[in-house]
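Chain letters run A, B, ... following the sequence lines, proteins first and then strands; every chain starts at 1.
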Protein chains: 2
Amino acid sequence: MPPEPATVLAEANRSPRTQSREVRRQQLIEATISTLAARGFARTTLTEVAKTAGISHGLVLFHFETKEKLLTETLTFMTEEYHQNWQAALAAAPADPAAQLLALIKADFASAITTPARLGAWCAFWGEAQSRPIYQEACGEKDAAYIRQLEVICEELVRQGGYGVDAIIAARILRVVIEGTWLDMMTMQNPYAPTEALRTVMSTAALCFPKHFR
Amino acid sequence: MPPEPATVLAEANRSPRTQSREVRRQQLIEATISTLAARGFARTTLTEVAKTAGISHGLVLFHFETKEKLLTETLTFMTEEYHQNWQAALAAAPADPAAQLLALIKADFASAITTPARLGAWCAFWGEAQSRPIYQEACGEKDAAYIRQLEVICEELVRQGGYGVDAIIAARILRVVIEGTWLDMMTMQNPYAPTEALRTVMSTAALCFPKHFR
DNA sequence: CGCCATTGACTGACTTGTCAATCAGATTAT
DNA sequence: ATAATCTGATTGACAAGTCAGTCAATGGCG
């Protein structure tokens, strides 16, 4: 039977000498994220990941057969985490489309999602995904769900406000502004603060739907 | 004395058996761009670049001492090319800020700049730049110049139209929409056409400066 | 005792970088 | 003109190092 959350937590606090399967795997995925952020995709080695996790590199392959599987599962985990994050935020928001859009945007800048390690790892995967269909497949479907959701909300906003904007275009603009400010936070030499990024996105929302946002 | 352009061109059409220094270096930089796009940063090897150029791998190191130098010079070349492109477009445009913004946007989607190989190579560098300060330095200053130029144009547009938008924010929104549509063209499974990307950016301009764009 | 996590030495493949030998083409000498 | 010479591009074999993946031995825990 699968270990319950309480058991997993207890094991996580135990001596790291031996760990249960699930705890060790999760720990290795986190170590992979950190390594990707710190060293980039090209210089991410199993030895480096193992050192970050404080174990031998042989153990990494014991739990994840190949390096490729470790990376794929790490990407799958991050995709799932991101997906859960915005879906939970959406579920908690009122049925009002303006509130839903706000919730969606805020979720994308939640501190749990935008840690330096997470941002760096996303950047590393983006760089490689272009030439590796496997990585595109891993997060393509989840991305599509996000886009569709954003479009639905924008359509409703356009209907409510009687705006002249194409809802599909507005949704795309909002999405790329979110992605773009993410990129800025990752790649600029002296990046602006997350609050400044959020302000930029909210300004875009105000431009698209002036009656709903200010 | 340095070879004249006519001489360089003549040599480019010659049998590839032996080439002058400059022609070979340029050819290798193009081969590096293609390889980065096709295989990603992590799997770009000197052997692969050499194979693409149709020469032995020893010759790559004869012209570029180390792999690192080949990569930095490739990035420098692409940065310079991009910089020249938008500066030339700006110089050819009328003094009117609306015309200048249009020229700047169109320049970013010029076919010479947005070839699949160029886009893929940019993506590969972006992915690694996060963890390698050297790459950030290579293009950081040129990026800053572009941002400053965009801000100047936006400030003038705001002044002319008496818009309520912050020019700095508007410039940032436009820039990230441009970057974001670039990313879309690179990473989406079924990306939209460059004309659709251009339409998205122009819609953003219309949202920011409705009196100037439609 | 038995089971599984864990280690660390080892292998084979691959990659960067070196270097001596070769070759093409231009220059000079005969 | 033709041969000899020189220069610099080009090659391919090789050295050195790195890394993913294997595996036999070890160790902790029920």
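Minimum atom distance to the side chain of B:His57 is reached by C:dT18, of the listed C:dA5, D:dT22, C:dT18. Looking at the side chain of B:Phe62, the nearest of the listed nucleotides D:dA20, D:dA9, D:dT11 is D:dA9. Closest contact between the side chain of A:Thr45 and the listed nucleotides D:dA9, C:dT16, D:dA20 involves D:dA20. Of the candidates D:dG21, C:dT6, D:dA20, the closest approach to any side-chain atom of A:Leu59 belongs to C:dT6.
Here the CG atom belonging to A:Leu198 is positioned 10.0 Å from the CG atom belonging to A:Asp108, to the nearest 0.5 angstrom.
When base pairs are accepted only as Watson-Crick or G-U wobble with both N-N or N-O distances under 3.5 Å, DNA chain D takes part in stems of 3 or more pairs at C:1-30 with D:1-30.
In this structure, B:Leu61 reaches the bases: a heavy-atom distance under 4.0 Å links it to at least one base atom across the strands shown.
Between A:Trp182 and A:Trp126, the ring planes lie tilted relative to each other; the angle falls in the 30° to 60° range. In this pair, B:Tyr82 and B:Tyr146 present their aromatic rings tilted. The plane angle is within the 30 to 60° band.
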Pairs under 3.5 angstrom only: tabulate donor-acceptor contacts from the side chains of residues 88-95 of chain B to other protein residues two or more places apart or in another chain.
none

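Of the possible donor and acceptor atoms, none in the side chain of B:Arg175 sits under 3.5 Å from a partner among the backbone N and O of B:Ile147. For the pair A:Gln100 (side chain) and A:Ile153 (backbone), a donor-acceptor distance under 3.5 Å is absent.
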